[in-house]
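What follows is one structure encoded as structure tokens, with my remarks underneath.
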Amino acid sequence: MSPRHALRPEPRGHWLLLIIVVSAVAAALVFEGWTTHEVASAQTRKPCTHPVPKAADTGQPVIRIADGTVKTAGMPARTVALTFDGGPDPVWTPRLLDLLREHRAHATFFVSGAQAVRHPELVRRIRAEGHELGSLTYTESDLSSASAPRTRLELSLTQTALAGTTGVTTKLLRLPLTTQADTLCGGEWTAAQRAAAQGYLLVAADRPLRKPERGVVRQYSQTDTAYGEVKKLLKNRKIEKFATVSEGLGQTSVNGPASTVGRWQGHALIQVQGLGHTFVSAMTWVLVVAGALALLRLLMLVAFARAHVRRLHRFRPGSPWLREVDEPVTVLVPAYNEEAGIESTVRSLLASTHRQLQIIVIDDGSTDSTADLATWIDDPRVMVIRQPNAGKAAALNTGLIHAHHDIVVMVDADTVFEPEAIHQLIQPLAHPAIGAVSGNTKVGNRRRLLGRWQHLEYVFGFNLDRRMYEVLECMPTIPGAIGAFRRDALMGVGGVSEDTLAEDTDLTMALWRAGWRVVYEESAIAWTEVPTSLRQLWRQRYRWCYGTLQSMWKHRRALTEVGPAGRFARRALPYLFLFQVALPLIAPIVDVFALYGVLFADPLQSIGVWAAFLVVQMLGAGYALRLDKERLRALWAMPLQLFVYRQLMYLVIIQSVVSALFGTRLRWHRMQRSGTAADQLTVDPAGRHERLPSR
């Protein structure tokens, strides 16, 4: 990072941008879902509770209600008003328009506002070719049981849609699911009165048995059957005129110009629904791809984990027998304000079955009694070095200067080791090509829900990933909690770099680029203390993720290198970018879309897909727990993890990516320790550790 980057504050404006974007997407989805659901739902109406008023039951199809007075009218003799309901339909509307133009006939199209917004070019064509536009409400849903506000919304949205597509409004209305005037009964008549109060002229249809030459209003849908009937009717020589409803009544056109504000609102409506429709279509494909990738990743993890297990338990003929490593080991313990756990950490190291140890505690300017507690441990193998606060990387480099042995183990000051951990950890170093070894980190303080979630993540995520990385020979990170290194390998890459906040990831990648192999030893177990609050968890994972992004960028040129470095980079870096950066970035919008599916699509199908994915994940997590010899009862917390923990991790990644793009330089975020890393262990009087049953 350049000095100018270090001066930049942590960005915050992107959260407002994220809220605005997610809110806009959610609003567009809600609107799209409401219209799609209403239009696509089964269109049924309730039976009439009372008949249409006698004044309206005259057989005339056009009804005007004004000042409590009902008047009806019809078409004059030899005049037919062709009316088409629904649409515009991308298939049949153009064909009907071509047919009408061929016979020089005009018609009235009662369009759905939702469909008009989706196909504005067809609405414009209807208007351009001299036809009349009427309203069939926005969603074509039954208004007999709708409230007054819902009725006003349906009508006003349709007017806005017409204003945005053609620049006109209409005063013609056909209530959905009605035919002749006598079908305007019960609740439909109430809806008709509400519409008439807004100045609408209600248009029904004449009875089918009425002969066209007597003058009729014919009602058609936009289908193959309707097309055939209209084509036949247009050839009827007894009819003198095929007119719009207004022309047949001898009135001026009811399609008047919309106001400027109305047009702006119409354009905005088109954009909103277009955004929702496009987003639904795009996210359908994104969900398919993301789901396929997630399933592929899970299958890969399980398959490579099985390969890792077989590799551990199967001797291959011709493979060399490696000697047992029993050389002395230097253990580096960087510590800053770790008085809660430093004593447990050091004593667990002293209780190791590997007795030849040099334990160096580097107190990095602690303001508590960390250094004193380590000094008071009466064992000649323990050395305490005090230095001004300079960061973890600097503390580790200070420890390297004082290391006496060729094998170095780096540990966190909140970690408790099992007795065999160090001996098991250094055994892979018998192979001369191996420069570093990752141990198996487990969660010690897992009794609360947040701890259980992290326990599942460590076992199902981190450790299962490490098994795959070892099989593919592309381990990207040796955890700071437990890792063994050759001292000459560390010195060969210049020690621990201070360029990134994920010094462990940076160091591991540097070792690969230097030609060393990095492996995983699952039998070397250390117990670490994880954050106990969401705030602490956020700060820790923010640092991890941001540091990983820094390391990936720093070592990006390894993608073009040859040998172990290139093989590592071409396998690990794309995997990290795809599954730890790219997919989580779109996760919040995916979650919004999943909620859309439950509310507006098929809820059973959406819940079924989610449940199936959860079951697959739980099977994978169960397999990971079994490999790590953990109890399966921890799986009960996994469904809850999907609703809080996962979203927090997604937000962490978003914050990290934005910080990286802005070049922000983060400070170390220290976690408040409580010394609970050994919750799963008990110490007997002889200093030996015993594992408690997993809770």
Side-chain angles (χ1 to χ4, degrees), residues 35 39 61-66 71 73 75 81-89 93 96-97 100 106-141 143 151-178 184 191-205 217-222 243-270 273:
T35 56
V39 171
V62 182
I63 302 173
R64 183 186 300 276
I65 306 174
K71 297 181 179 180
M75 296 296 106
L82 297 173
T83 63
F84 299 96
D85 289 0
D89 181 84
T93 300
L96 288 169
L97 290 174
L100 293 172
H106 287 162
T108 301
F109 286 80
F110 290 92
V111 298
S112 155
Q115 289 297 101
V117 167
R118 288 178 184 171
H119 307 287
E121 72 287 348
L122 292 179
V123 185
R124 297 188 189 103
R125 181 182 171 185
I126 291 172
R127 179 65 181 164
E129 295 186 5
H131 304 291
E132 191 171 53
L133 291 170
S135 171
L136 195 67
T137 74
Y138 198 79
T139 63
E140 303 181 51
S141 57
L143 295 184
T151 301
R152 288 195 297 270
L153 180 65
E154 290 274 356
L155 298 177
S156 65
L157 283 177
T158 305
Q159 296 285 17
T160 303
L162 293 177
T165 54
T166 62
V168 301
T169 59
T170 184
K171 287 301 180 180
L172 289 184
L173 172 66
R174 174 167 285 160
L175 293 180
L177 310 182
T178 61
L184 297 175
Q193 290 177 306
R194 292 170 179 166
Q198 298 182 44
Y200 282 95
L201 186 66
L202 301 169
V203 181
V217 175
R218 282 285 187 255
Q219 179 182 18
Y220 297 102
S221 57
Q222 299 191 35
T244 65
V245 172
S246 298
E247 290 174 344
L249 295 175
Q251 299 178 355
T252 58
S253 176
V254 294
N255 292 150
S259 65
T260 302
V261 174
R263 294 185 183 186
W264 288 348
Q265 291 175 340
H267 292 316
L269 177 64
I270 293 173
Q273 186 158 332

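One is the number of the first residue; the rest follow in order along the sequence.
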TODO: Given side-chain contact (heavy atoms from CB on, under 4.5 Å), test Leu249 with Leu201 step by step and report yes or no.
DONE: CA-CA 12 Å; Leu249 295 175; Leu201 186 66; 4.0 Å; yes
Task: Chi angles and distances behind the side-chain contact (heavy atoms from CB on, under 4.5 Å) call for Tyr138, Leu269 - done: CA-CA 12 Å; Tyr138 198 79; Leu269 177 64; 3.8 Å; yes
Open item on the list: As a quick check of understanding, evaluate side-chain contact (heavy atoms from CB on, under 4.5 Å) for Arg174 and Val245, giving each step before the final call.
Closed with: CA-CA 12 Å; Arg174 174 167 285 160; Val245 172; over 6 Å; no
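Test Thr93, Asp85, Asp89 against Gln222 for side chain to side chain donor-acceptor pair (under 3.5 Å) and you get one pass: Thr93.
Val217 and Ala204 get closest at one heavy-atom pair: CG1-O, 3.6 Å. What you find for Pro176 and Ser141 is that their closest heavy atoms are CG-O, 3.6 Å. For the residue pair Ala161 and Gly113, the shortest heavy atom distance occurs at CB-O, 3.7 Å. Taking all atoms of both residues into account, the shortest heavy-atom contact from Gly86 to Leu136 is N-CD2, 3.3 Å. The two atoms that bring Ala243 and Gly248 nearest to each other are CB-N, 4.1 Å, heavy atoms only. Nearest heavy atoms, Gly134 versus Thr108: N-CG2, 4.5 Å.
Side-chain contact between Thr166 and Asn255 is absent, with no heavy atoms from C-beta onward closer than 4.5 Å. Looking at heavy atoms from C-beta onward, Phe84 lies in side-chain contact with Leu100 at the 4.5 angstrom threshold. A 4.5 Å side-chain heavy-atom check between Leu155 and Leu173 finds at least one atom pair inside the cut-off. Residues Leu162 and Val111 meet the side-chain proximity criterion, which asks for heavy atoms closer than 4.5 Å. Using a 4.5 Å heavy-atom cutoff, the side chains of Ile270 and Arg118 are not in contact.
Here the straight-line distance linking atom CD of Glu140 with atom CD of Gln115 works out to 7.0 Å at 0.5 Å rounding. If you take CD1 on Ile65 and CZ on Arg194, they are separated by 12.5 Å, rounding to the nearest 0.5 Å. Rounding to the nearest 0.5 Å gives a distance of 13.0 Å between CZ of Phe109 and CZ of Arg127. Rounded to the nearest 0.5 angstrom, Thr165 OG1 and Leu133 CG are separated by 7.5 Å. Between atom CZ of residue Arg218 and atom CG of residue Leu82 there is a gap of 9.5 Å, rounded to the nearest 0.5 Å. From Lys71, atom NZ reaches atom CD1 of Ile63 across 14.0 Å, with rounding to the nearest 0.5 Å.
Under the side chain to side chain donor-acceptor pair (under 3.5 Å) criterion, Thr158 pairs with no residue at all, not counting sequence neighbours. Scanning for side chain to side chain donor-acceptor pair (under 3.5 Å) contacts around Ser135 gives an empty result, with sequence neighbours left out. Every residue two or more places apart in sequence or in another chain that forms a side chain to side chain contact (heavy atoms under 4.5 Å, CB included) with Thr169 is listed here: Gln159, Ala258. His106 is linked by a side chain to side chain contact (heavy atoms under 4.5 Å, CB included) to His131, Thr244, Glu247, counting only residues two or more places apart in sequence or in another chain. When the side chain to side chain contact (heavy atoms under 4.5 Å, CB included) test is applied to Arg125, the partners found at least two apart in sequence or on another chain are Pro94, Leu97, Asp98, Arg101, Glu129.
Each side-chain hydrogen bond (donor to acceptor under 3.5 Å, both in side chains) pair with one or both residues in residues 256-269, not counting sequence neighbours, would appear here, but there are none.
A donor-acceptor pair under 3.5 Å is absent between the side-chain atoms of Lys171 and the main chain of Ser253, judged by distance alone.
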